[in-house]
> 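Got a structure here, written out as structure tokens. Questions coming.
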Amino acid sequence: MVATAGEPDTLNPVLNFGVDGASLIFDGLVARDATNTLVPALAAELPAVSADGKTVTAKLRSGVSFHDGSPLTAADVVFTYQAVLDPKVDSTLRSDLDMLTTVTAPDPATVVFTLKYSYAPFLQRLTLGIVPAKALTGQDINKAGFNRQPIGTGPYKVESWTAGDRLVLAANDTYWGGKPANRKLIVAFVADDNVRAQRMRAGEFDAAELAPKLAAGFDNATGYTVQRVPTADYRGVMLPLTNPVTADPAVRKALAVGVDRAAMVTGILAGAGEPAFGPIPPTSEYADGSAAGNPSADPAAATALLDAAGWTPGPDGIRAKAGRQAAFTLMYPASDSLRKELALAVTADAKKVGIKVNPEGLTWDAIDTRITRDALLMGFGTPYDPDFVSYKLFGSVFAAQGYFNPGSYKSPIADKALQDGRDQADPAERKAAYATFQQQLAADAPWVFLTYLKHTYVVKAGITGVSPRVEAHEHDVANSLWWNINTWTRS
Amino acid sequence: MVRRRLLVAVPVLIATSIGMFLLGAASPIDPAKQYAGAAAFTATSENLDQIRANWGVDDPLPVQYARWVGNLLQGDLGWSTSRHEPVTAVLGARAGWTLLLVSTALAVVLVSSLVLGTLAAYRRGGLFDRGLRAAAYAVEAMPVFWLGLAAIAVFALSLGWLPAGGLTEVTATTTSAADVARHLILPVGVLAVSQAPWFLLFVRDSVAESLRDDHVLAAKARGLPGRTVLFGHALRTALLPFLTLIGTHLPELVGGAVLVETVFSLPGLGAVTVQAALGSDFPLLAAITLVTTAVVLTANLLTDLAYTAADPRVRLDG
């Protein structure tokens, strides 16, 4: 019995359910272990990549069957990926599989992926859950009953789903990974944070996801343990290079050293976070320590930068250069209270060094029309591969394309590093490329990275087997603290 | 009379649905982005354009409306883009719970406000009257949301008498009537308590007023027993405006139900309505609006019928 706020819209992986694996109901060709390292799942071993990086061959594990008893074959894998690529299917995953040309099954136990270009992190995209072709062939996948009553190969099968209330899962005794220790799993959907906390306190749930401040209330309560799980989900200020004030590197760098990240973590996140200095989380093997800075504010360094660049304080304390005030608007989505608090903290820190920030809470559709001109408090991040988000967010070819690189950051060095990271298969070379990228980003400061979030969960005492791993932004039924709940035990 | 009312209902429903579409068209929200959720930030614009094309939401508004009406006439309410389900399935699964919540709460409100209000009016200025009025004013000042959380804190957490939320026990696999009833006590109670002050104060004032009416005084003077005068004469006179109040208060009751559903995690229409509005989900919004309009029209009709029953002088067909 676990409780979470986010209810999936569908239980079909093709339509974006549990794309990064750990969906409890489905398995991908590969899965991730407690350290987010890829391990074979429905594939017998990690798929083989050809020397030119354009052909990926996966051998299927033998003896795997779906919940309805039918055997898994290569045709099911082909069907799943072709469904994602089919324009008639309303799947946003197509954007992640740009590089995929064809998927074929030369024999019932082999799947071959052909890519347009070599793509180093391609295996990371193979965590997508495999659906049985038989159950969906000839149907409109967008509207199939399968989306609510799915059939997978995972440790749990769907017993019932009452929308807005709960998802009841029953153990799949023929699971290839071994019989689940927990016979039944109920995921309760409780949207309101306070209500979820109260019901957790009433003893209804074994584990629940709670907001940091509410979870802190369980810290000293007996009978519970609080888990603060690191994530790759960062928040930061995107500074557009088209704005006359934020176009000045001195202003951007002054902000980067002038904000008090440590105070944001303790004050706004109730300790459930860590300072951020770049888009690659410190828990990643690709993180480059030299790009990190001082978690506390350094107003002296900030004012020195501004002085050197010719921004001199006016009578009201706001700096100006050549008749232009050091002032800009910082937008944030009005419905997101965390981003609002962070925006206000940035405003206060900026004022101390003589930069005037006008925070403005807006709806996303209002933000969309101004996103290329005004600064924005944004959030992104994935723990799996540095290419996933950063390639589009900081690549110059994506400048001013919607949420991709809205600030039009253009750096030939960062571009090349991002491209190398994608092209090079050798892990050491990738690591070097991403180190260059992070250093260049720190030098140019197109974003002021503020904090990484931690997801907080409360678990009843006496439960063993809980194994937190670095999480992505999305965490509901899939990919939460309970990613391996089939092996949890109660003492 | 009923037939004439039904004739009026048709243009009202058509106007409502057109208004719904116009409002939807004025909304700047992109349904495809809403559908994509967090993936909207990583999806390419071609990807989102393709999804919009699949749905036909970029077609001219009259085309969309004609398509919707055409499907409606064939009994197809359409596909909810925010719920990823047929609209009929969303309504079927959820409308019942909202209706049950609202109607039970309304019944509780009516009975308790009539009884308590009348008693308070009878002993006007007494301890009971003053206590009741003070309580009513206090409750009126409390947001429904707060009342709900307070009720959970007291009855579910401190006393442990009742469940804190949900429709059935968390481990239940079937929906049994007794289990649901136990889970509905708190939500119905909270909704009733939050809505009762209006009705209660109204009943109290109008009964107190009519206790001074000539015919009531005359009845008293004839030596009729107090109870007969109170319930047979005074309350009956006060009942007429009360019926009107129910009709006008129905939307507020539905609004309260949305909040109560949220606090008690009930799978009613409340949450999906908000989601549909945020996601520019035409088909679902239109269906919910139509259903609500139909319910309000029916309630008005019933109120009018009750009027004729309560007062023979009222004639609806001139």
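Every chain is numbered from 1, with letters handed out A, B, ... down the list of sequences.
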> Specify which of Arg94(A), Lys143(A), Arg201(A), Lys88(A) makes the most heavy-atom pairs with chain B at under 4.5 Å.
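So the answer, after comparing Arg94(A), Lys143(A), Arg201(A), Lys88(A), is Lys143(A).
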
> Using non-hydrogen atoms and a 4.5 Å limit, figure out which bit of Ser91(A) sits close to chain B: side chain, backbone, both or neither.
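Only the backbone of Ser91(A) comes within 4.5 Å of chain B.
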
> What part of Arg52(B) gets within 4.5 angstrom of chain A, counting heavy atoms only: side chain, backbone, both, or neither?
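No part of it gets close to chain A.
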
> Which answer fits Val19(A), side chain, backbone, both or neither, if we ask what part of it has an atom under 4.5 Å from a heavy atom of chain B?
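Neither the backbone nor the side chain of Val19(A) comes within 4.5 Å of chain B.
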
> Could you verify whether a donor N or O on one side chain and an acceptor N or O on the other, from Trp482(A) and Asp206(A), lie under 3.5 Å apart?
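No.
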
> Please look at Phe380(A) and chain B and tell me whether the side chain, the backbone, both or neither of the residue comes under 4.5 angstrom of a heavy atom of that chain.
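Contact with chain B involves the side chain of Phe380(A) alone.
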
> Under 3.5 Å, is there a donor on one side chain and an acceptor on the other for Asn16(A) and Thr92(A)?
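There is such a pair (donor and acceptor under 3.5 Å, judged by atom type) between the side chains of Asn16(A) and Thr92(A).
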
> Counting only heavy atoms from other residues, nucleotides and ligands, does the tally under 6.0 Å from CZ of Arg67(B) exceed 12?
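Yes, enclosed.
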
> Ignoring hydrogens and geometry beyond distance, is a side-chain donor-acceptor pair present between Tyr65(B) and Ser17(B) at under 3.5 Å?
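Note: Tyr65(B) and Ser17(B) side chains meet the donor-acceptor criterion.
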
> Determine the option with the most heavy-atom pairs under 4.5 angstrom with chain B, choosing from Arg196(A), Gln401(A), Gln198(A).
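Option with the greatest count: Gln198(A).
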
> Does any heavy atom of chain B fall under 4.5 Å from the side chain of Leu393(A), the backbone, both, or neither of them?
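Neither the backbone nor the side chain of Leu393(A) comes within 4.5 Å of chain B.
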
> Let me know if Asn147(A) has heavy atoms under 4.5 Å from chain B in its side chain, its backbone, both or neither.
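For Asn147(A), there is no contact with chain B at all, as no heavy atom is under 4.5 Å.
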
> Just checking, Arg166(A) and Phe189(A): is the charged tip under 6.0 Å from the six-membered ring centre and within 45° of the axis?
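No, cation not above the ring by the 6.0 Å, 45° rule.
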
> Does a donor on one side chain sit under 3.5 Å from an acceptor on the other, for Glu209(A) and His455(A)?
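His455(A) and Glu209(A) do not have a side-chain donor-acceptor pair below 3.5 Å.
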
> Sort Arg148(A) into side chain, backbone, both or neither according to what part of it lies under 4.5 angstrom from a heavy atom of chain B.
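When you check distances to chain B, only side chain atoms of Arg148(A) fall under 4.5 Å.
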
> Is it the backbone or the side chain of Ser45(B) that comes under 4.5 Å from a heavy atom of chain A, or both, or neither?
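Looking at Ser45(B), nothing touches chain A.
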
> Against the six-membered ring of Phe205(A), is Arg199(A) placed for a cation-pi contact (under 6.0 Å from the centre, within 45° of the normal)?
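Because its charged atom misses either the 6.0 Å distance or the 45° angle limit, Arg199(A) does not stack over Phe205(A).
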
> Between Thr98(B) and Glu261(B), does the side chain to side chain donor-acceptor pair (under 3.5 Å) criterion hold? Intermediate values first, please.
CA-CA 8 Å; Thr98(B) 303; Glu261(B) 279 174 11; 2.7 Å; yes

> Quick one: what part of Glu85(B) sits under 4.5 Å from any heavy atom of chain A, side chain, backbone, both or neither?
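Side chain only.
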
